[in-house]
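The block underneath contains the structure these notes are about, expressed in structure tokens.
The chains referred to below are lettered A, B, ... by the order of the sequence lines, with proteins before strands, and numbering in each begins at 1. Only heavy atoms go into these numbers, but all of them, side chains included; no hydrogens, no water, no symmetry mates.
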Amino acid sequence: MEQYTLATQLVQYLIAGLTIGSIYAMVAIGFNIIYNVTEIINFAQGEFVMLGGLIMATLCHWLGVPFFLVLPLAMLAVTGIGVMLDRLAIRPVRQPTVMTLIMATIAASILLKGAAMLLWGKDPYDVAAFSGRVPIMFLGASIQPQNLWVMGILGVVVAVLTHFFGNTIVGKAMIACADNPSAARLVGINVRRMVLLSFALSAGIGALAGIVITPLSLMDYDRGAMLAVKGFGALILGGLGSFPGAVLGGLLLGGIESFGAGLVSSAYKDVFALVFLLLVLFIKPSGLLRSGAVAKMKRF
Amino acid sequence: MSQMILEVKGLTKRFGGLMALTEVEFGVQAGVVKSVIGPNGAGKTTMFNLITGIFPPTEGSINFRGQSLHGLAPHRIASLGISRTFQTVELFGDMSVLENVMVGQHCRSRGSLLAAGLRLPSVRRTEKAITDKAMELLEFVGLAEHAGEPAASLPLGDQKVLEIARGLATEPGLICLDEPAGGLNEQETQELSRLIRAILGRGVTVLLVEHDMPLVMGISDEIVVLNFGQKIAEGTPRQIQQDPTVIAAYLGEEEDDA
Amino acid sequence: MKKISRKGLLILAAGLAAFPWLAKVVPGLGSYPEVMIYAGIYSLITMGLSVLVGFAGQISLGHAAFFGIGAYASAVGTATYNLDPWLCLILGALLSLLVALAIGVPTLKLKGHYLAMATLAFGIIVFIIFNEEVDITGGPDGLSRIPGLSLFGLKLNTTMSYFYFVWTVVLLVFWFCANLLESRIGRAFRAVHGSEVAAMAMGINISSHKVQAFVLSAVLASLAGSLYVHYINFINPSTCNLFFSVKLIIMIVMGGTHSLWGAILGAVLITFLSNVWLHAFQEWEVLIYGAVLLIIVIFLPDGLAGLPEKIKGWAGRGQPGKAS
């Protein structure tokens, strides 16, 4: 009997870990999209997730329309904010060193957080789960349908991006910018537009992550920074710039956090993930998964 | 065998699949000007980076005054007495001309952070000595009147000379000059040539990488020729000028590389 | 570098001595020696950060942690164990030094974004420890009834006495940092910032110097933390949260990272902003910080300390534009 409960618990932790890991993976993918085109780490990436959840919550309350009609609206709104971030915070920087760009994105993240606090206050918001809250039993563990939605959405994001970067002209142009901006400019690609697009795309994916996680963990104005740090952790685990690495890194980090919280101490759940991140940074800053096969697949 | 200050044996450097240097061997006698020439991409700057410890060789050994440099960090190699300048100027742009040279004295002076913050008498003495030495070097290279100006405000020619002064401030036995004449006009190049002789006069051996052939031929005691990472010839300027392999290697280059 | 002005130090000292009088005369200042105490305490941190960020060219988004280590060392040592406050202050500084060494040696091998994120993660970890180790730190409720300081038998229990005490420390630290920056070690810091490869070739051990700058800034932050708890006699984790680390960075960016004067200026301005001038807009505070930081980063990359040069530039040939 005892063993059965432990096994059940482990399955439960695994599901929870994969769920939150999927969110970290989406944040990491967002980081990557901007980094690959601009070599900027956008410290405001977590704010996109926060805004996605909060805007979705508001739209649902206000309009009371079915969910899947509002979802694109919420994503669009955050995408617009991503575009503004590039136009108002990144492009105007006159001495674009790593340091000033870090500062600019930090400033933007504070701005967004401050604005969110003014608009939504400090209380957390909920959004209806996509398909109800009746748990599904799986190997004795109870799973919210929303858990499956989160993992499913990550799958969709990966599939769409694979298609986008592999088969569309715009996607290939973005990759060209990443590989060699001046050469891309020479062949007539508008690099500035690609940078803008990378912010838009990355904001949209962040928003989606926020929308899909809110029914499980609620959302408030203050969540962005931690999400950004965890997402960056996922990115480092997978190796900066690598998309498959971002997904694996995210899931791994989510797993560590979930098992650490369940088996060791829930109070220190964030510490496990962060200490692991620091260890990886110290020992192998090029990324844990960045070896051979994964490194060659810089993109999906 | 006369006194060798630097001995390079079987030096090989691979970057991934690319062989930047293959089994290069040569020695530098103390008190001479030895030049390394070769077409672009022959591995000259790579060799400087190996000698000064910026990255480790794949294989081979470098000995300085009989001591192996294997595994030593760049700052240790600098304290042993090898200094250098850079092909693309690497001055500390926001520091003054004088301060740039003073930085060179870092490894010849001592003093802890605490002592420096408290400005103990010993620190004051050290600072005075460093300043005097740096001023002496600025006078030596002829930049004393610009001492207080920001290094970045100097014209390129003077920046190159300032790099030499900064390199000399580490009180080296050997200084590696990486294309010091690059971007200089004819008159500046002549002054540079005089400066290099004066450096020899201070007892410092010079290892020179340079494209300016009249300068190299005029000033070098010996020349090593690299091509595609391999040594193809070594000898006096006269021998090199007549070497058929060297002439062949340079024929294709002549047009686009003056 | 032009010599760091010591004359300014005298003027500042005179201004501080006259502050109680000034505060009565100048309307904007009100009567806020208390705010100036906080400003002084934060100046200690920002001067260290200025050495680290502006001169040695490294970044830290986790300095609130060192402030917290100093604060909690003093708080726990005096309130829980009845130890001498000065001893606790020194123990806190030593602990910060050790932690800074342990975290700095591997971290400072990292560059740019990696360094920023590593220090950020470190700050969050320490913050969580303060929150969770309830037995030692009192958890989210914090520790109270922390005794005040006394110096040579003189009790520093009035606002004015603490004001003079803190600002005397600030002037001493300024003097220390200015000496340091004008010494061979300060030049080595700036050389590492200017060109790592050239610094190495000149015989500078770059990782050792980065760590020294990091440790110095950590010890100063720890000192500030100790002075802070002995003034307000209370500490809780939210005092040293992530936003405090970011606020410290905003201070030095605002004042100008490349100037000790800028460090003090930034600390004073932001402290007045958050304690006095923005008091009316509490909810807007975060938003305004973001906007201020963004405007400074975009238009005044050298901070307010760079403003005179900038105006000279505008008055002269126009500013030398740097192409992106």
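- Here C/Glu182 does not pair with B/Arg119 in a salt bridge; the nearest charged N to carboxylate O distance is not below 4.0 Å.
- Side-chain contact check for C/Arg187 versus B/His106: every heavy-atom pair is 4.5 Å or farther apart.
- When all heavy atoms are compared, the tightest approach of B/Arg84 to C/Met202 is O-CE, 3.8 Å.
- The contact between C/Leu216 and chain B is made entirely by side chain atoms (from C-beta outward), counting heavy-atom distances below 4.5 Å.
- Contact count against chain B (heavy-atom pairs under 4.5 Å) is highest for C/Leu180 among C/Ile185, C/Leu180, C/Leu172.
- The main-chain N or O of C/Arg184 is found under 3.5 Å from a side-chain atom of B/Glu127 such that the two form a donor-acceptor pair.
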Report, one line per pair, each donor and acceptor closer than 3.5 Å where one atom sits in a side chain of residues 70-79 of chain B; sequence neighbours left out.
{"residue": "B/His75", "atom": "NE2", "partner": "C/Asn205", "partner atom": "ND2", "Å": "3.4"}
{"residue": "B/Ser79", "atom": "OG", "partner": "B/His75", "partner atom": "O", "Å": "2.7"}

Hey, mind stepping through B/Leu113 and C/Phe176 against side-chain contact (heavy atoms from CB on, under 4.5 Å) and telling me if it holds? CA-CA 10 Å; B/Leu113 183 143; C/Phe176 184 95; 4.2 Å; yes
Checking side-chain contact (heavy atoms from CB on, under 4.5 Å) for the pair C/Asn179/B/Leu118: CA distance, chi angles, key distance, verdict? CA-CA 7 Å; C/Asn179 285 342; B/Leu118 298 174; 6.0 Å; no
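- Contacts of C/His193 with chain B are absent, with no heavy-atom separation under 4.5 Å from either backbone or side chain.
- Looking at B/Ser112, the atoms closer than 4.5 Å to chain C (heavy atoms on both sides) all sit in the backbone: N, CA, C or O.
- If you tally non-hydrogen atom pairs under 4.5 Å between each of B/Arg108, B/Gln105, B/Arg110 and chain C, the highest count goes to B/Arg110.
- If you take CG on B/Asp94 and CZ on C/Arg190, they are separated by 6.0 Å, rounding to the nearest 0.5 Å.
- Ranked by heavy-atom pairs under 4.5 Å with chain B, the first of C/Cys177, C/Ser183, C/Gly186, C/Ala188 is C/Ser183.
- Within a 6.0 Å radius of CZ in B/Arg124, other residues, nucleotides and ligands contribute more than 12 heavy atoms.
- Chosen from B/Leu98, B/Ile130, B/Val103, B/Thr52, the residue pairing most often with chain C at heavy-atom distances under 4.5 Å is B/Val103.
- The shortest heavy-atom contact between B/Cys107 and C/Gly203 is CB-O, 3.9 Å.
- Smallest separation of non-hydrogen atoms from B/Phe86 and C/Ala201: CZ-CB, 3.9 Å.
- Close approach to chain C, defined as a heavy atom under 4.5 Å from one of its heavy atoms, is seen in B/Arg166, B/Gly167, B/Thr170 of residues 158-174 of chain B, taken by number.
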